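Everything below concerns the one structure shown next.
In this text, all values refer to a predicted model and were calculated from it rather than measured experimentally. Within every chain, numbering begins at 1; the chains are lettered A, B, ... in the order of the sequence lines, protein sequences first and strands thereafter.
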Amino acid sequence: MSGGVKLILIVISAVFVNNYVLSQFLGICPFLGVSKKVDTAIGMGLAVVFVMALASVVTYLIQYAILDKFNLGYLQTIVFILVIAALVQFVEMFLQKASPTLYQSLGVYLPLITTNCAVLGVAITNIDRGYNLIETFFNGVGGALGFTLAIVIFAGVRERLELSDIPECLRGFPIAMISAGLMALSFLGFQGLIKL
Amino acid sequence: MKKFIATIKNGILTENPTFRLVLGTCPTLAVTTSAINGVGMGLSTMAVLICSNLFISLLRNIIPSKVRIPCFVVVIATFVTIVQMLLEAYVPSLHKSLGLYIPLIVVNCIILGRAEAYASKNSALLSVADGIGMGIGFTLALTIMGSIREILGAGSIFGINILGASYKPVLIMILAPGAFFVYGGLIGLLNKIQEKAAVK
């Protein structure tokens, strides 16, 4: 299939069919932690898009230019996570200068993007699937967009849940999980849409 | 000695990483499609947790505070790589079913969380105890979740068919939504039990 079509399919797959949060269970911690308000969710989502796009490209380059060249494949996990940690640090400093309000509202969850399974997950998936540089970039952006979609929808749901009457034992985390399950159920409807 | 046992008990019950601290949710939801996967992931994570807790505790006075998180991450990533290779060599079927989630152990919030909250502030012996306790707690939680999802979703447990051929499996349980439902349901159940106990 032609390059352009494949790119679109990669993005659709990452956002809907194999949504990073609702289907692959990556990025659950920030999904639960930052989804209490829609504005914070959008901010977090955008930060993740930036980090994931950058991380995908950088880890791709490192894998093929350094790790494979010198037969250091086994260092993949260590090198990738260090690259991601450095990138997040960089984004943190950038946000502090560019948008202090967003920086404040994201709080402790910004450095936690480092431990966001989605970032490391997409980096490893890109290599495993043998994507080229452009496909890697699109997969990174697509995955992050899927994460953002999930987190923003979920924030909307949770804002409403705050006002609902929920049994004591289900309040907070359990009802959030069950709601997420219902969202995952609806996204299951996209299964079989594309075969990549 | 008493403190050793108490620390282990703490990780299994009072501060169970999955049901109380709600850490490490990604692997909890992702690999509990069957009981054996749950056990495998739990034990792998426990191995990394014990080793990283031990090393970080031993090095706690040498690592400068400003760079402690990257240092912890390197230590943890090293052990994850070792576990990865051991699994690939000795249990290739488990390695295949756990897939992407093995290298993702490195971002498992439990390991970094315990390194920061416990191992960097306590003795080596107690850190190992904490690793053992949290590891057992995590493995138990994963096994329980895996078993529930496997029984409902495939009618078997540990691969042994127990519900017979006439049971129509609830496929949703092994798919993504099932994970969320079982996890939320279990925590809700535990909250209810705690509520009842508190009232008494």
Side-chain angles (χ1 to χ4, degrees), chain A residues 18-19 21-33 73-82 84-86 88-89 111-125 128 166-188 191, chain B residues 19-20 22-32 67 69-70 72-85 88 99-113 171-172 175-196:
Chain A
N18 294 307
N19 184 289
V21 179
L22 300 171
S23 177
Q24 297 191 55
F25 302 113
L26 300 175
I28 301 280
C29 297
F31 177 68
L32 293 172
Y74 59 90
L75 285 183
Q76 185 189 61
T77 311
I78 305 180
V79 170
F80 277 18
I81 192 65
L82 281 177
I84 293 172
V88 173
Q89 194 68 30
L112 281 185
I113 298 182
T114 313
T115 54
N116 185 333
C117 326
V119 187
L120 185 59
V122 80
I124 298 181
T125 313
D128 280 350
I166 303 172
E168 178 79 46
C169 63
L170 285 180
R171 245 173 250 168
F173 189 71
I175 198 66
M177 279 280 111
I178 296 177
S179 318
L182 290 171
M183 269 179 72
L185 199 55
S186 63
F187 268 68
L188 257 190
Q191 278 294 313
Chain B
F19 294 129
R20 290 264 147 255
V22 191
L23 291 175
T25 46
C26 298
T28 310
L29 294 167
V31 307
T32 45
V67 291
I69 301 287
F72 292 168
V73 170
V74 172
V75 171
I76 298 171
T78 312
F79 285 116
V80 171
T81 311
I82 297 176
V83 167
Q84 226 180 315
M85 291 192 209
E88 195 170 0
L100 177 63
Y101 297 96
I102 301 180
L104 284 184
I105 296 180
V106 78
V107 288
N108 187 324
C109 316
I110 301 178
I111 308 190
L112 192 62
L171 254 182
I172 213 78
L175 296 175
F180 286 109
F181 292 144
V182 174
Y183 197 16
L186 274 177
I187 301 212
L189 189 68
L190 286 171
N191 283 351
K192 190 87 203 191
I193 297 178
Q194 252 206 327
E195 245 180 72
K196 288 237 163 97

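Distance CD1/A:Ile28 to OG1/B:Thr28: 9.5 Å, rounded to 0.5 Å. For the atom pair CZ of B:Phe180 and CG of A:Leu185, the computed distance is 11.0 Å after rounding to the nearest 0.5 Å. Rounded to the nearest 0.5 angstrom, B:Thr32 OG1 and A:Phe25 CZ are separated by 7.5 Å. In this structure, CD1 in B:Ile76 is found 11.5 Å from CD1 in A:Ile78, a value given to the nearest 0.5 Å.
Looking at A:Gln24, both its backbone and its side chain come within 4.5 Å of chain B, counting heavy atoms on both sides. Interface remark: B:Leu29 contributes backbone and side-chain atoms alike to the contact with chain A (heavy atom separation under 4.5 Å). The parts of A:Leu182 that come within reach of chain B are both its backbone and its side chain, each placing non-hydrogen atoms under 4.5 angstrom from that chain. For chain B, no part of A:Val119 is nearby; none of its heavy atoms comes within less than 4.5 Å. Both the backbone and the side chain of A:Ala180 come within contact range of chain B, judged by heavy atoms closer than 4.5 Å. When heavy atoms are compared at a cutoff of 4.5 Å, B:Gln194 does not approach chain A at all. With a threshold of 4.5 angstrom between heavy atoms, B:Ile187 approaches chain A through its backbone and through its side chain. Looking at B:Cys109, the atoms closer than 4.5 Å to chain A (heavy atoms on both sides) all sit in the side chain, from C-beta outward. When heavy atoms are compared at a cutoff of 4.5 Å, A:Gln89 does not approach chain B at all.
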Walk me through it: do A:Leu26 and B:Tyr101 pass the test side chain to side chain contact (heavy atoms under 4.5 Å, CB included)?
CA-CA 10 Å; A:Leu26 300 175; B:Tyr101 297 96; 3.8 Å; yes
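Highest contact tally toward chain B, considering only A:Ile84, A:Thr125, A:Leu120, A:Asp128, is held by A:Leu120 [criterion: heavy-atom pairs under 4.5 Å]. Heavy-atom pairs under 4.5 Å with chain A peak, among B:Gly185, B:Pro70, B:Cys26, at B:Cys26. Taking B:Pro177, B:Ala77, B:Pro27 one by one and counting their heavy-atom pairs under 4.5 Å with chain A, the maximum is reached by B:Pro177.
Classification of the B:Tyr183-A:Phe173 ring pair by plane angle, with boundaries at 30° and 60°, yields perpendicular.
Contact annotation: the side chain of B:Thr81 never approaches that of A:Leu75 to less than 4.5 Å [non-hydrogen atoms, C-beta and beyond].
Annotation: side-chain contact (heavy atoms from CB on, under 4.5 Å) contacts of B:Leu186 (sequence neighbours excluded): B:Phe19, B:Ile144, B:Met145, B:Ile148, B:Val182. Evaluation of the side-chain contact (heavy atoms from CB on, under 4.5 Å) rule for A:Ile175 yields A:Leu161, A:Ile166, A:Ser179 as partners, not counting sequence neighbours.
Nearest heavy-atom pair, B:Asn191 versus A:Pro174, reported as atom, atom and distance to 0.1 Å: ND2-CG, 3.9 Å.
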